[in-house]
Amino acid sequence: MPIQLFDSLERKLKSLAPSHTDGVFRFYNCGPTVYAPAHIGNFRTFVVNDVLRRLLELEFGADKVKHVRNLTDVDDRTIGQTQKEKRPLAEITKKWTDKFHADSDALNCLRPHVEPTATGHIREQVDMIEVLIENGNAYRAPDGSVYFKIASFPEYGALSRIKERELKVTNSAFDADHKDDIGDFALWKAYKPEEDGDVQWPGPRTAAAGRPGWHIECSAMIKKHLGETIDLHTGGVDLLFPHHENEIAQSQCCNGTTFARHWYHSEHLLVDGTTMSKSKGNYYTLSDLVEKGYSPMAVRYALLMGHPRKQLNFTLESMHAAESALGTLRKAWARFATTASATANKPLAAQDSAPVSRLDRVIDALRDDLNTPAALGGLFTAMNEISDGTATFADSVAFGRALSILGIDLSEKQNFSIPMEIFALAEKRWAAKQAKDFAAADTLRKELATAGWSMLDSKTDYKLEPLKKA
RNA sequence: GGCGCGGUAGCCAAGUGGUAAGGCCGAGCUCUGCAAAAGCUCUAUGCGCCGGUUCAAUUCCGGCCCGCGCCUCCA
């Protein structure tokens with residue numbers, strides 16, 4: 001069964017396969033703008049793409065997948081941030097790039113093979129813009145900016161069906177006030193001293209100095225790192241229009257070939273039933289959730305609980321469910337891993353086929369349009385079957401493989417430290433318990449709870465855990 | 001107004017023309033000084049509403065109600 005993914009352009013499921021003779025599957029995922037911490041809605045897309053990357057590597061081979069994801073490090077928002085903070089652009093984008101990497105790592109997302117930046121590809125962008133001007137697809141505006149002329153590209157709107165839409169004409173849509181047509185978009189923005197600080201580069205021939213428009217960076221970086229035709233282009237739905245529509249226009253007019261053979265868009269993450277925004281105060285970053293006591297792995301799990309092409313409503317309750325589910329998996333795996341080791345000496349062939357196929361339902365669910373909730377369900381179904389004490393070595397291997405495709409790391413990472421006074425209280429309680437002074441032990445347990453800690457006894461030992469914050 | 005998506009148990013969620021995966025929560029049992037943990041067991045005669053097609057619909061068709069997203073900041 002090949003990997004099938006919904007194609008946003010043709011609006012149907014299509015099989016994925018490399019088209020280049022080298023057999024390398026080329027895919028590009030639109031990355032973050034590094035002017036602030038990425039929120040978990042952003043990470044939904046990146047986690048989904050990470051599962052896709054892992055699945056592709058399983059399918060085509062680890063060395064037969066080339067994954068490129070950009071960093072937008074110059075645009076209205078990054079520049080706006082430099083003005084707000086009165087700091088150099090590079091300093092701000094470095095800070096948030098580092099944070100993005102740290103969060104991605106914590107979420108167990110594989111780094112893309114190439115992570116190009118917009119500022120690192122000014123030359124490539126200018127080159128493309130010049131070709132577009134020469135081809136008559138772009139024009140210089142009076143202020144020295146350059147715009148793409150959508151009327152010059154008949155297929156414009158195929159992806160987003162923009163021709164069937166009514167463009168809402170507002171004043172802000174005409175912000176640039178130099179466009180010939182409301183649908184035209186900026187390829188190059190002329191330098192504005194009062195807004196842009198010291199951010200500017202020499203522009204395309206005939207244009208003013210300034211900076212690239214947002215859309216052109218992806219077209220230029222894709223051309224450089226993946227070629228003129230790529231096998232898959234992904235991103236969040238919000239990028240479908242205008243960003244991806246514009247990329248198609250730019251690239252196809254410049255290169256004269258099909259830009260992306262397949263388009264895939266993941267849906268929005270909602271919070272409390274509505275889209276995330278700072279003004280609504282429903283804006284979570286990874287750090288926010290870690291601060292509340294949730295593990296990054298639980299965040300990843302929570303982001304995979306919904307089908308990637310369906311809106312997913314994120315709540316703290318779902319975080320709790322994710323954390324619990326992860327705990328169940330962790331304990332079950334530990335349990336049957338030990339029973340599996342007992343069978344490890346048996347010949348593999350004798351125990352291979354059936355058990356491995358039990359876990360195939362996880363991979364199969366993923367192959368079927370990246371159905372992550374079904375994959376997670378399959379994981380538990382298999383787990384329940386294996387947990388009856390009959391787990392074999394092959395089960396254990398297959399289970400581990402299924403987990404790794406989902407990028408779920410079950411190793412326990414203690415992300416808290418125990419303050420000395422808490423440890424002292426716990427020791428005191430343990431001593432009281434050993435002395436069978438249960439009244440004192442209970443009082444101490446309450447004290448620990450008040451301080452935000454829970455003490456878990458076993459026969460010979462105890463464990464301290466912080467209570468979850470609301 | 002235009003484009004699109006969704007409504008399945010307390011919550012999340014998959015799925016199929018032939019009678020509902022899975023997770024969380026909850027309950028019961030075992031275990032246990034307490035509290036947990038762990039293990040086992042249980043939890044939708046029904047899939048927004050109304051019609052239609054069909055031997056059979058949650059699954060197809062039509063209408064309606066409700067929710068959400070997008071329409072040039074946006075993963």
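In what follows, chains are A, B, ... by sequence order, proteins preceding strands, each numbered from 1. These values consider heavy atoms only, across backbone and side chains, with no hydrogens, waters or symmetry-generated copies. Nothing here was measured: the structure is a model prediction, and the numbers come from that model.
- For the 3.5 Å distance criterion, the side chains of A/Tyr28 and A/Glu247 fail to qualify, holding no donor opposite an acceptor.
- Rounded to whole angstrom, the span from the CZ atom of A/Phe241 across to the C1' atom of B/A75 amounts to 18 Å.
- Using C1' as the reference atom, B/A27 and B/G67 are 32 Å apart when rounded to the nearest Å.
- If you take OH on A/Tyr294 and CG on A/Leu289, they are separated by 8.0 Å, rounding to the nearest 0.5 Å.
- The CG-C1' distance, from A/Leu379 to B/A13, rounds to 15 Å in whole Å.
- Here A/Gly377 lies in heavy-atom contact (under 4.0 Å) with a base.
- Counted by atom type alone, A/His265 and A/His233 present zero donor-acceptor pairs between their side chains at under 3.5 Å.
- Between A/Lys310 and B/G6 there is no side-chain N or O to OP1 or OP2 distance below 4.0 Å.
- Taking the P atoms as reference points, B/C12 lies 30 Å from B/G2, given to the whole Å.
- Going from atom CD1 of A/Ile418 over to atom CD1 of A/Ile422 covers 9.0 Å, rounded to the nearest 0.5 Å.
- Both tests pass for A/Arg309 against the ring of A/Phe6: distance under 6.0 Å to the centre and angle within 45° of the axis.
- Distances shorter than 4.0 Å separate some side-chain N or O of A/Thr274 from OP1 or OP2 on B/G69.
- Within 4.0 Å of A/Gly31, counting heavy atoms only, lie sugar-phosphate atoms of the nucleic acid but no base atom.
- The interatomic distance linking A/Asp368 (CG) with B/A21 (C1') rounds to 14 Å, in whole Å.
- OP1 or OP2 of B/G15 lies within a sub-4.0 Å distance of a side-chain N or O belonging to A/Asn371.
- Of the nucleotides present, none pairs with B/A21 by Watson-Crick or G-U wobble criteria with both distances under 3.5 Å.
- Looking at heavy-atom distances under 4.0 Å, A/Lys433 makes contact with a base.
- Across all strands shown, B/G26 pairs with B/C42; the Watson-Crick or G-U wobble distances both stay below 3.5 Å.
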Might you list the N or O atoms of the protein lying below 3.5 Å from N or O atoms in nucleotides 25-28 of chain B, with each pair's distance?
residue, atom, partner, partner atom, Å
B/C25, OP1, A/Ser324, OG, 3.4

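- Spacing between B/U59 and B/G7 at atom C1', rounded to whole Å, works out to 15 Å.
- Here B/G51 sits opposite B/C61 as a Watson-Crick or G-U wobble pair (both hydrogen-bonding atom distances under 3.5 Å).
- Within 6.0 Å of OH in A/Tyr462 there are more than 12 heavy atoms belonging to other residues, nucleotides or ligands.
- Panel note: side chain A/Ser251, backbone A/Ile248; no donor-acceptor pair is recorded below 3.5 Å.
- Other residues, nucleotides and ligands contribute more than 12 heavy atoms inside 6.0 Å of the CZ atom of A/Arg111.
- Side chain to side chain, A/His215 and A/His243 meet the donor-acceptor criterion of an N or O pair below 3.5 Å.
- Distance A/Asp103 CG to B/A75 P: 15 Å, rounded to the nearest Å.
- Comparing the same atom, P, in B/C49 and in B/U41 gives a spacing of 33 Å after rounding to whole Å.
- Among the heavy atoms of the strands lying under 4.0 Å from A/Thr381 are primed sugar atoms or P, OP1, OP2 only; no base atom is included.
- The partner of B/G6 is B/C66, by the rule that a Watson-Crick or G-U pair needs both atom distances under 3.5 Å.
- Using a 4.0 Å heavy-atom criterion, one finds that A/Gln311 contacts the bases of the nucleic acid, with or without backbone contacts as well.
- Between A/Phe43 atom CZ and B/A75 atom P the separation is 12 Å, expressed in whole Å.
- Along RNA chain B, the nucleotide nearest to A/Arg11 and the one nearest to A/Ser458 differ in position, and the one closer to the 5' end is contacted by A/Arg11.
- Taking atom C1' on both nucleotides, B/C50 is separated from B/G22 by 32 Å, rounded to a whole Å.
- The residue A/Asp238 sits close to a base: some heavy atom pair falls under 4.0 Å.
- For A/Lys149, the NZ atom sits in a loose shell: 12 or fewer heavy atoms of surrounding residues, nucleotides or ligands are nearer than 6.0 Å.
- Checking B/G1 for Watson-Crick or G-U wobble geometry (two distances, each under 3.5 Å) identifies B/C71 as its partner.
- Straight-line distance from the OH atom of A/Tyr28 to the C1' atom of B/A75: 13 Å, rounded to whole Å.
- The base of B/C34 lies close enough to the side chain of A/Asp457 for a donor and an acceptor atom to sit less than 3.5 Å apart.
- Remark: the separation of the C1' atoms in B/C11 and B/A38 is 25 Å, to the nearest Å.
- In this structure, A/Arg429 reaches the bases: a heavy-atom distance under 4.0 Å links it to at least one base atom across the strands shown.
- Residue A/Asn384 is in sugar-phosphate contact alone, with no base atom involved, counting any heavy-atom pair closer than 4.0 Å across all strands shown.
- In this structure, A/Leu269 reaches the bases: a heavy-atom distance under 4.0 Å links it to at least one base atom across the strands shown.
- Residue-to-nucleotide contacts include no donor-acceptor pair under 3.5 Å from the side chain of A/His307 to the base of B/A13.
- Taking the C1' atoms as reference points, B/U72 lies 15 Å from B/C3, given to the whole Å.
- For residues 437-451 of chain A, proximity to RNA chain B is found at A/Phe438, A/Asp442, A/Arg445, defined as any non-hydrogen atom under 4.0 angstrom from a strand atom.
- Between A/Thr78 and A/Asp75, the side chains place a donor N or O and an acceptor N or O closer than 3.5 Å (distance only, hydrogens not considered).
- Nucleotides B/G26 and B/A37 have their P atoms positioned 9 Å apart, rounded to a whole Å.
- Listed here is the closest heavy atom pair of A/Ile408 and A/Met297: CA-SD, 3.9 Å.
- In the set B/A75, B/G23, B/A14, the nucleotide with an atom closest to the side chain of A/Phe380 is B/G23.
- Here B/U72 presents its P atom at 12 Å from NE2 of A/His215, a figure rounded to the nearest Å.
- Looking at heavy-atom distances under 4.0 Å, A/Gly41 makes contact with a base.
- The nearest whole Å value for the distance from the CG atom in A/Asn313 to the C1' atom in B/G7 is 13 Å.
- Along RNA chain B, the nucleotide closest to A/Leu270 and the one closest to A/Ile40 are compared, and the more 5′ of them pairs with A/Leu270.
- Taking CG from A/Leu55 and CZ from A/Arg367, the interatomic distance works out to 6.5 Å, rounded to the nearest 0.5 Å.
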